[in-house]
Protein chains: 2
Amino acid sequence: MSLRIALLGMLASRGPSSGYELAKRFEASINHIWQAKHSQIYPELAKMAQSGAVTVEDAGGGRGRKVYTVTEAGRDEIVQWVTGEDPYRSARNETALRGFLVPLLPPDQAAAVMRDEAERHAEKLAKLEQIKAEVDARTGPDDPVFGAYALDLGIRTTIVLQQWANDTADDLERRGRS
Amino acid sequence: MSLRIALLGMLASRGPSSGYELAKRFEASINHIWQAKHSQIYPELAKMAQSGAVTVEDAGGGRGRKVYTVTEAGRDEIVQWVTGEDPYRSARNETALRGFLVPLLPPDQAAAVMRDEAERHAEKLAKLEQIKAEVDARTGPDDPVFGAYALDLGIRTTIVLQQWANDTADDLERRGRS
DNA sequence: GGTTGACGTGTAAGGATTTACATGTAGTTT
DNA sequence: AAACTACATGTAAATCCTTACACGTCAACC
């Protein structure tokens, strides 16, 4: 259900879009939160049009572009989902899994992997902060910036992952020496 | 592939276990990183036994308990996966998705959702710190504690999530007032 | 005039994941 | 003695997700 909600949220926040645009946006905007390929997005949009959560409109010259708009029913679905007290919170993080397993390697090798991991997080952090800078630059401090909270969370978690990776590497090195 | 690796990692770090124990352990130990139900774990274990990554042994009195042990080949798989620089890092986070969508609600309602979220994380944090206290109590400072790294990461990320939820609620309330 | 790359939509097959169904033992509480 | 909870394993169906296949337009560059 999450993909459906994520798509509705995109449409609600950034206005009518094509499936192609939504796919791009997933890549650029909430890639650290959720991923979806166009092969999953197109059928989902069709299903949502069927159920009345969105409306479709044929647009764009010769290239059969379709523009989707969220309906009131669709907005309701978002609210239902966000406020719904589903105790289950799915979370899957391959980076963290790697970090979890890394102590199984010989200490020096493990530490190296963690340093590498930390570096990767540093790069990601730089990228996220650049996006934040760009967003901040073109909006006022009181503008309601959709996605800003999620971006903030992305930055915070990336910082934690980076620090943790380095601290773990430190610990592994300490243990490796003794 | 990630589930397979996660299971191998569990077996490698905590020794031979039954599918049931692994399922419990997923719940208790890396729930913030990865989830798996027993219905996915049992077939995966069977598949791994087939391919030689683990060995099976029937154990436990009347209750058909099966104990799985990771083989050298299985350990190799872990090392391959951890050190292999697969550029793709899958990540899915429903909490963050909520954060992404929450600005679509009326500010007061949105803030309430975030407070609720924060409380949930506070509860989880208490649970994790209790586990840590128990682990610390029965191990020396230089004992090789594999789970400690993962637990540490869990605590750190939970703290961040809690703070973020509260800060987001603050911001939403601030905006709501103006 | 041809090639390349971005735009644009879709389906098929296979694997991953969740929910529900199904079964049975062992220990503890009422 | 009956009920309840934890232990313990599995399968079936449905859904989600990824990879690969497939088709066609438009604009820019060479």
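Every chain is numbered from 1, with letters handed out A, B, ... down the list of sequences. If you're wondering where the values come from, they're calculated on a predicted model, not measured in any experiment.
D:dT19 atom P lies 10 Å from atom CD of A:Gln35, rounded to whole Å. One atom, NZ of A:Lys37, and another, P of D:dC21, lie 15 Å apart when rounded to the nearest Å. D:dT15 atom C1' lies 13 Å from atom CZ of B:Arg92, rounded to whole Å. Regarding A:Glu44, its CD atom lies at a distance of 9 Å from the C1' atom of D:dC16, rounded to whole Å. In this structure, A:Leu22 atom CG and C:dG10 atom P are separated by 12 Å, rounded to whole Å. Note: CG (B:Asp58) to C1' (D:dC7) measures 16 Å, nearest angstrom. At whole-Å resolution of the value, CD1 in A:Ile41 and C1' in D:dT19 are 15 Å apart. Distance CE (B:Met48) to P (C:dA16): 12 Å, rounded to an integer number of Å.
One finds a side-chain N or O of A:Gln40 lying less than 4.0 angstrom from the OP1 or OP2 phosphate oxygen of D:dC17.
With axes fitted over five pairs at each extremity, the angle between the ends of the helix from C:dG1-D:dC30 to C:dT30-D:dA1 is 20° (10° resolution).
A donor atom on one side chain and an acceptor atom on the other are not found under 3.5 Å apart for B:Gln109 and A:Thr83. With hydrogens and angles left out, the side-chain atoms of B:Asp167 and A:Tyr149 include no donor and acceptor closer than 3.5 Å. Between the side chains of B:Ser90 and A:Arg92, no donor N or O sits under 3.5 Å from an acceptor N or O. With hydrogens and angles left out, the side-chain atoms of B:Thr69 and B:Glu57 include no donor and acceptor closer than 3.5 Å.
Comment: A:Glu173 engages A:Arg115 in a salt bridge, judged by a side-chain N to carboxylate O separation of less than 4.0 angstrom. Of the charged side-chain nitrogens involved, at least one lies within less than 4.0 Å of a carboxylate oxygen, so that A:Arg4 and A:Glu77 count as a salt-bridged pair. Looking at A:Asp170 and A:Arg174, no side-chain N of the basic residue comes within less than 4.0 Å of a carboxylate O on the acidic one, giving no salt bridge.
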Please produce a list of atom pairs where a protein N or O lies less than 3.5 Å from an N or O of nucleotides 5-8 of chain C.
from  : atom 1 : to      : atom 2 : distance (Å)
C:dC7 : OP2    : A:Tyr20 : OH     : 3.0
C:dC7 : O4'    : A:Arg63 : NH1    : 3.4
C:dC7 : O3'    : A:Arg63 : NH1    : 2.8
C:dG8 : OP1    : A:Arg65 : NE     : 3.4

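Checking B:His38 against A:Ser2, the closest nucleotide of DNA chain D that is more toward the 5' end is the one next to B:His38.
Between the side chain of B:Arg98 and the backbone N or O of A:Trp81 there is at least one donor-acceptor pair closer than 3.5 Å.
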The test is side-chain hydrogen bond (donor to acceptor under 3.5 Å, both in side chains); show your working for A:Gln40 and A:Glu44 and say whether it passes. CA-CA 6 Å; A:Gln40 198 187 357; A:Glu44 190 66 46; 5.7 Å; no
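Contact of A:Ser39 with D:dT19 (side chain to base): a donor-acceptor pair of N or O atoms is detected under 3.5 Å.
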